[in-house]
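Reading through the structure tokens given below for one structure.
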Number of protein chains: 2
Amino acid sequence: MLNDLDERIVHALAEDARRSYADIGQLVGLSAPAVKRRVDRLRATGAITGFTVRVDPAALGWETEGFVEIYCRSNTSPETIQRGLERYQEVVAASTVTGDADAVAQVFASDMRHFERVLERIAGEPFVERTKSVLVLSPLLRRFSSGSPA
Amino acid sequence: MLNDLDERIVHALAEDARRSYADIGQLVGLSAPAVKRRVDRLRATGAITGFTVRVDPAALGWETEGFVEIYCRSNTSPETIQRGLERYQEVVAASTVTGDADAVAQVFASDMRHFERVLERIAGEPFVERTKSVLVLSPLLRRFSSGSPA
DNA sequence: GCTGAAACGGCTCTGTT
DNA sequence: AACAGAGCCGTTTCAGC
């Protein structure tokens, strides 16, 4: 849990992670060193896990996006799924979930043929029993990096 | 579409967006000004849309995550869904999708009660017919901001 | 076109109060 | 938390490939 000042700093960094500490300080009413120390502390405690670039998938040539529900063989550990999926460059996010499927993976591919190829490779993993995928038609909203509001 | 050098720069920024241009230059074999010019160009062309912070939802107090499939009334436009969902701080991503549901929203909430409350409010939106939600058990993988591999 | 080198201004960062 | 210093970085300008 963060206090108000920390939240505003995180919010400022969420909008532009390369903004200077002096800028952020002016925004939240602190000096630059004070902001830096708070950011350092947020990184140390794990609230901030890093800084990343926001890219336009289409501009990078990744025009096809989809969610792949993965049904695993019984007694498959989350670690096995993780190790299996992290080898795919095309898988940008994955979680174990409640419901019928065991896990959901978010996949970016250059086109439908590429998407299909990835799908087939995932379905061929030894821990995967079957998959069911949903294609993204148009993205409506994207916020933050690991997806948390602040 | 990017050439090899641009891709490696984007990759370096994806790992740490606050890395210095000199550092990235050393990594890809370019001088700092050359890297800056390429990053500027990537921003100008829209391949890079910004820089953001990677936060740990749990550390910020958002412990409950889920995907909400939204079934809309007929003749609901994507714009209507977008305008309806963007008012929710808890919705961090949303897309229209193929399959039975019309859209999927990724939701972060502080706890299950909070999640349920958000779910009820979304289900009460005039354009929503019904919802079906899946809870995230444990996140396995997260890369990039808007989710593209590079 | 692209690059690398140099120089200036601003920022990061540490230590101190 | 603010202040002050040294050092580093972002940024521009310039010339060369």
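Quick note on labels: first sequence line is chain A, next is B, and so on, each numbered from 1.
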*For the helix from dG1(C)-dC17(D) to dT17(C)-dA1(D), figure out the bend between the end axes, five pairs an end, and round to 10 degrees.*
30°
*Pairs meeting criterion salt bridge (charged side-chain N to carboxylate O under 4.0 Å, His left out) with involvement of residues 28-37 of chain A, two or more places apart*: K36(A)-D40(A)
*asked:* With a strict under 4.0 Å distance from non-hydrogen atoms of chain A, what nucleotide opens and what nucleotide closes the contacted stretch of DNA chain C, reading 5' to 3'?
replied: dC11(C) to dG15(C)
Find every protein N or O atom lying less than 3.5 Å from an N or O atom of nucleotides 9-17 of chain D, and list the pairs.
{"residue": "dG10(D)", "atom": "OP2", "partner": "Y21(B)", "partner atom": "N", "Å": "3.2"}

Compile the donor-acceptor pairs under 3.5 Å between side chains in residues 18-35 of chain B and protein atoms, sequence neighbours left out, one pair per line.
{"residue": "R18(B)", "atom": "NH1", "partner": "A17(A)", "partner atom": "O", "Å": "2.5"}
{"residue": "R18(B)", "atom": "NH1", "partner": "R19(A)", "partner atom": "O", "Å": "3.4"}
{"residue": "S20(B)", "atom": "OG", "partner": "D23(B)", "partner atom": "N", "Å": "3.1"}

*Which pairs with one or both residues in residues 91-120 of chain B pass salt bridge (charged side-chain N to carboxylate O under 4.0 Å, His left out), sequence neighbours excluded?*
none
*With sequence neighbours excluded, tell me which residues meet side chain to side chain donor-acceptor pair (under 3.5 Å) with E125(B).*
R87(B), Y88(B)
*List in chain and number order the residues that pass side chain to side chain donor-acceptor pair (under 3.5 Å) with T98(B), two or more places apart in sequence or in another chain; answer none if no residue qualifies.*
none
*Could you tell me which residues satisfy side chain to side chain donor-acceptor pair (under 3.5 Å) with R38(B), sequence neighbours excluded, listed by chain and number?*
D6(B)
*Taking only residues two or more places apart in sequence or in another chain, which ones pass side-chain contact (heavy atoms from CB on, under 4.5 Å) with S110(A)?*
H114(A)
*Mind checking who shares a hydrophobic cluster with V136(B), ILVMFWY linked at side-chain heavy-atom distances under 4.5 Å?*
F67(A), V97(A), V104(A), V134(A), V136(A), F67(B), V97(B), V104(B), V134(B)
*Test side chain to side chain donor-acceptor pair (under 3.5 Å) applied to T96(A) - qualifying residues, sequence neighbours left out*: S138(B)
*With no hydrogens and no angle check, is any side-chain donor or acceptor of T52(A) less than 3.5 Å from a backbone partner on A14(B)?*
yes
